[in-house]
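What follows is one structure encoded as structure tokens, with my remarks underneath.
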Amino acid sequence: SQTIHQWPATLVQPVGSPLSLECTVEGTSNPNLYWYRQAAGRGLQLLFYSVGIGQISSEVPQNLSASRPQDRQFILSSKKLLLSDSGFYLCAWSGGQGFISYNSPLHFGNGTRLTVT
Amino acid sequence: GQNIDQPTEMTATEGAIVQINCTYQTSGFNGLFWYQQHAGEAPTFLSYNVLDGLEEKGRFSSFLSRSKGYSYLLLKELQMKDSASYLCAVKGYSTLTFGKGTMLLVSP
């Protein structure tokens, strides 16, 4: 069966510090991978998605970046955190083959609660 | 782009039936998903509709009308553990866009 691991679960970082959140998927190959952010009182906002190694699409302009160095590894980074980067960050995967798998749901990791102070 | 609307909050009583509505406007449509999210946790997949009609899965059912841009999630025999946020999400050409969620509070 497929599993998704995301760490750390919680993180408190000062403004201006760097960030690295990691996500790995097991039990599937060539998944589509996603980073979402959920701010307090707001919906899930798609930040990045990837259909393959080295392929990253950005949905919103921001000071965050994403990388996919391996098929089942997705990393969210920032060089300098802002207060507005606080939120609940969720990594997710869905069936691959590009976006042909229309009925493949997103499966989320447990999330990282980031507080920027 | 995508625009998804659902009520912010709903309350219901244990054992009752509740219907959570979702309306959407989208430039491309490849299915509608419902997710459940308990406080502090990640969303979990509940249902998927791509054709018009009702999909039933145990106590939960989901309905879709593509011509009306409308869906609802029906929860029967409510239990206390059903207190959660319910997220409506629309699959466009390539990605999934979520509504802000409906917070359901089930009382004894």
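All values below were derived from every heavy atom in this structure, side-chain atoms included, with hydrogens, water molecules and symmetry-related copies excluded. The chains referred to below are lettered A, B, ... by the order of the sequence lines, with proteins before strands, and numbering in each begins at 1.
Here the side chain of B:Tyr35 pairs a donor or acceptor atom with the backbone of A:Leu106 at under 3.5 angstrom.
In this structure, B:Ile17 is a member of the same hydrophobic cluster as B:Tyr72, with clusters built from ILVMFWY side-chain heavy atoms closer than 4.5 Å. One hydrophobic cluster holds both B:Met80 and B:Leu78 under the rule that ILVMFWY side chains link at heavy-atom gaps under 4.5 Å. Residues B:Leu46 and B:Leu64 fall within the same hydrophobic cluster, defined by Ile, Leu, Val, Met, Phe, Trp and Tyr side chains chained together at heavy-atom separations under 4.5 Å. Grouping the Ile, Leu, Val, Met, Phe, Trp and Tyr side chains by contacts below 4.5 angstrom, directly or via other members, places B:Leu51 apart from B:Phe29. The same ILVMFWY cluster, assembled from side-chain heavy atoms under 4.5 Å apart, contains both B:Val18 and B:Tyr86.
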If you look only at distance, which donor and acceptor atoms sit under 3.5 Å apart when one is on a side chain in residues 17-25 of chain A and the other is two or more places apart or in another chain?
{"unit_1": "A:Ser17", "atom_1": "OG", "unit_2": "A:Gln13", "atom_2": "NE2", "d": "3.3"}
{"unit_1": "A:Ser17", "atom_1": "OG", "unit_2": "A:Pro14", "atom_2": "O", "d": "2.6"}
{"unit_1": "A:Glu22", "atom_1": "OE2", "unit_2": "A:Gln73", "atom_2": "NE2", "d": "2.6"}

Pairs of donor and acceptor atoms involving the side chains of residues 99-108 of chain B, under 3.5 Å and at least two apart or interchain, shall be tabulated with distances.
{"unit_1": "B:Thr102", "atom_1": "OG1", "unit_2": "B:Gln6", "atom_2": "NE2", "d": "3.0"}
{"unit_1": "B:Thr102", "atom_1": "OG1", "unit_2": "B:Pro7", "atom_2": "O", "d": "2.5"}
{"unit_1": "B:Ser107", "atom_1": "OG", "unit_2": "B:Ala12", "atom_2": "O", "d": "3.3"}

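The minimum heavy-atom distance between B:Gln37 and A:Phe88, with the atom names listed, is NE2-CE2, 4.1 Å. Pairing each heavy atom of A:Pro105 with each of B:Phe33, the nearest pair is CA-CE2, 3.5 Å. In this structure, A:Gly109 and B:Ala42 approach most closely via the heavy-atom pair O-CB, 2.9 Å.
Atom CG of B:Leu96 is separated from atom OH of A:Tyr36 by 4.5 Å, given to the nearest 0.5 angstrom.
By the 6.0 Å contact criterion, CD on B:Glu77 is open, its count of non-hydrogen atoms from other residues, nucleotides or ligands being 12 or less.
Proximity to chain A (any heavy atom under 4.5 Å) is restricted, for B:Leu87, to the side chain, taken from C-beta onward. With a threshold of 4.5 angstrom between heavy atoms, A:Leu44 approaches chain B through its backbone and through its side chain. For A:Gln45, no part lies under 4.5 angstrom from a heavy atom of chain B.
Not a single ring pair (Phe, Tyr, Trp, His ring centres under 6.0 Å) links B:Phe60 to another residue, sequence neighbours left out.
Within residues 110-117 of chain A, the residues having any heavy atom under 4.5 Å from a heavy atom of chain B are, by residue number, A:Asn110, A:Arg113.
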